[in-house]
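A short worksheet on the structure shown next.
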Amino acid sequence: MKRVIKKLSYPGFFISFEGGEGAGKSTQIRHLVAFFKKNNLPVELTLEPGGTPIGKKVRELLLDPKNTALTHRAELLLYLADRAQHVEEFILPALKAGKIVITDRYADSSNVYQGICRKLGLDETMKLNDFATQNLYPDLAIILDLPVKMGFDRMRQRVLDRMEREKASFHQQVRKGFLHLSQKYPKRIQVVNAAQSEDQVQAEIARLILARIKKTKGTTLWKKLAP
Ligand code: TYD
């Protein structure tokens, strides 16, 4: 069946951050939230899995290293259940209220981790994402791209969760998967080289986002940002 995506309209602006492990998403998201706050713009920061009270329970199931019996299909459906709840309870109402919503991971993580790396199929995960999200996709998805070894070196102090314990070859596929998606959907998805300095990454992200806000939200948000 052909995917027909009718874009939802709302006054807010929706950004997702994606990428492999240890790429510095949380640091960069923090900088971006501070930037919007400084400009007096209403911003909500959220994450997947676990952006709602129900989602937090789903997150525990998904990331607990003891759950080695979880099948790939069940894993995908749990990420999608978390997302369906997240969209309806939190993201969509915030966008309709005119807020900027930044999510740490969203639909492209399922496309890459489950669709490509777990081999459940990109077409399948895209269709299921359409259903789970009510066709709500970010105005811009930013992928922080980093060589796998650099990402894991940055995480050396951390206790690894169920997904992070996958083999290095799995994480190589994650990186390739995100790059593949960005080539397939160059308008919706932008890649930022996360091996640059923190300041450089921050500047590049701000440039991409401001350009997109200017282009798509000319009358509302951009006016508040433009000098
Ligand atoms: P998390 O602790 O939120 O960390 P980070 O985003 O910093 O990696 O871990 C979420 C994990 O879940 C991460 O390994 C990616 C994985 N994931 C999927 O496999 N599919 C999905 O749809 C989502 C949202 C995440």
Side-chain angles (χ1 to χ4, degrees), residues 1-10 12 14-21 25 46-64 67-96 101-144 161-164 166 170-191:
M1 201 173 50
K2 200 167 167 284
R3 282 171 82 227
V4 183
I5 307 290
K6 189 169 164 288
K7 195 152 174 14
L8 296 177
S9 91
Y10 44 77
F14 185 24
I15 305 162
S16 67
F17 275 80
E18 305 275 10
E21 318 295 330
K25 279 188 288 105
T46 187
L47 85 167
E48 287 195 4
T52 62
I54 288 172
K56 284 196 176 75
K57 296 187 180 176
V58 179
R59 180 182 172 92
E60 277 174 32
L61 282 173
L62 279 165
L63 298 185
D64 186 343
N67 288 340
T68 49
L70 190 63
T71 69
H72 292 172
R73 281 165 192 262
E75 175 184 287
L76 169 63
L77 292 170
L78 285 171
Y79 278 113
L80 291 163
D82 169 72
R83 184 162 307 129
Q85 187 71 31
H86 194 200
V87 166
E88 199 157 336
E89 180 178 334
F90 186 81
I91 302 176
L92 206 43
L95 291 172
K96 285 184 174 164
V101 177
I102 304 174
T103 183
D104 186 343
R105 295 196 183 279
Y106 192 66
D108 292 314
S109 279
S110 296
N111 289 333
V112 169
Y113 283 81
Q114 283 68 48
I116 297 176
C117 301
R118 298 296 200 207
K119 302 192 169 47
L120 293 173
L122 197 47
D123 288 349
E124 293 301 321
T125 55
M126 293 212 297
K127 268 186 272 171
L128 290 165
N129 265 323
D130 293 346
F131 176 75
T133 64
Q134 305 175 42
N135 293 335
L136 174 69
Y137 288 98
D139 294 292
L140 186 60
I142 303 245
I143 293 175
L144 293 187
D161 66 38
R162 193 180 59 87
M163 298 300 287
E164 288 161 354
E166 286 292 335
F170 180 88
H171 294 289
Q172 293 290 358
Q173 261 189 307
V174 168
R175 183 180 188 208
K176 274 194 10 212
F178 276 120
L179 293 175
H180 170 71
L181 269 193
S182 70
Q183 282 154 8
K184 213 168 157 183
Y185 302 102
K187 259 197 8 226
R188 189 173 71 70
I189 306 177
Q190 299 277 316
V191 180

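F178 is linked by a ring-ring contact (aromatic ring centres under 6.0 Å, His included) to nothing, counting only residues two or more places apart in sequence or in another chain.
Of all heavy-atom pairs spanning T52 and Q85, the tightest one is OG1-CG, 3.6 Å. Closest of all the heavy-atom pairs between A94 and V101 is CB-CG2, 3.6 Å. Minimum heavy-atom separation, V112 to V174: CG1-O, 3.5 Å. Annotation for E60 and N67: closest pair O-ND2, 4.3 Å, computed over non-hydrogen atoms. Taking each heavy atom of L179 and S182 in turn, the nearest pair found is O-OG, 2.7 Å. L140 approaches K187 most closely through the heavy-atom pair CD1-O, 4.3 Å.
Taking 4.5 Å as the limit, every side-chain heavy atom of Y137 sits out of range of all side-chain heavy atoms of L8. Considering only heavy atoms from C-beta on, N129 comes within 4.5 Å of R83 through its side chain. In this structure, T125 and L80 have side chains that are not in contact, with every pair of non-hydrogen atoms separated by 4.5 Å or more. Using a 4.5 Å heavy-atom threshold, the side chains of Y10 and I91 count as separate. Side-chain contact between I15 and P138 is absent, with no heavy atoms from C-beta onward closer than 4.5 Å. Between E89 and P53, some side-chain heavy-atom pair lies under the 4.5 Å cut-off.
A 6.0 Å sphere centred on CD of E166 holds more than 12 heavy atoms belonging to other residues, nucleotides or ligands.
The backbone N or O of P186 lies less than 3.5 Å from a partner atom in the side chain of Q190, making a donor-acceptor pair. Under the 3.5 Å distance criterion, the side-chain polar atoms of D161 are left unmatched by any main-chain donor or acceptor of L63. Between the side chain of D108 and the backbone N or O of N111 there is no donor-acceptor pair closer than 3.5 Å.
The aromatic ring centres of F14 and Y106 sit less than 6.0 Å apart.
H86 contributes atom NE2, which lies 12.5 Å from atom OG1 of T133 (distance to the nearest 0.5 angstrom). Atoms CG and CG, on L61 and L70 in that order, are 8.0 Å from each other to the nearest 0.5 Å. Note that the CG atom of L62 and the CG atom of L78 stand 5.0 Å from one another [nearest 0.5 Å]. To the nearest 0.5 angstrom, E18 atom CD is 9.0 Å from L181 atom CG. Rounded to the nearest 0.5 angstrom, D104 CG and F17 CZ are separated by 9.0 Å. From S110, atom OG reaches atom CD1 of I116 across 11.5 Å, with rounding to the nearest 0.5 Å.
Residue Q114 forms a side-chain contact (heavy atoms from CB on, under 4.5 Å) with just one option from H72, E75, R73, K119, and that option is E75.
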**Request:** Run the numbers on D82 and R59 for side-chain contact (heavy atoms from CB on, under 4.5 Å), then give the verdict.
**Result:** CA-CA 8 Å; D82 169 72; R59 180 182 172 92; 5.8 Å; no
**Message:** I'd like to know whether Y113 forms a side chain to side chain donor-acceptor pair (under 3.5 Å) with R105, so could you lay out the CA-CA distance, the side-chain angles of the two residues, the decisive distance to 0.1 Å, and finally the verdict.
**Reply:** CA-CA 11 Å; Y113 283 81; R105 295 196 183 279; 3.3 Å; yes
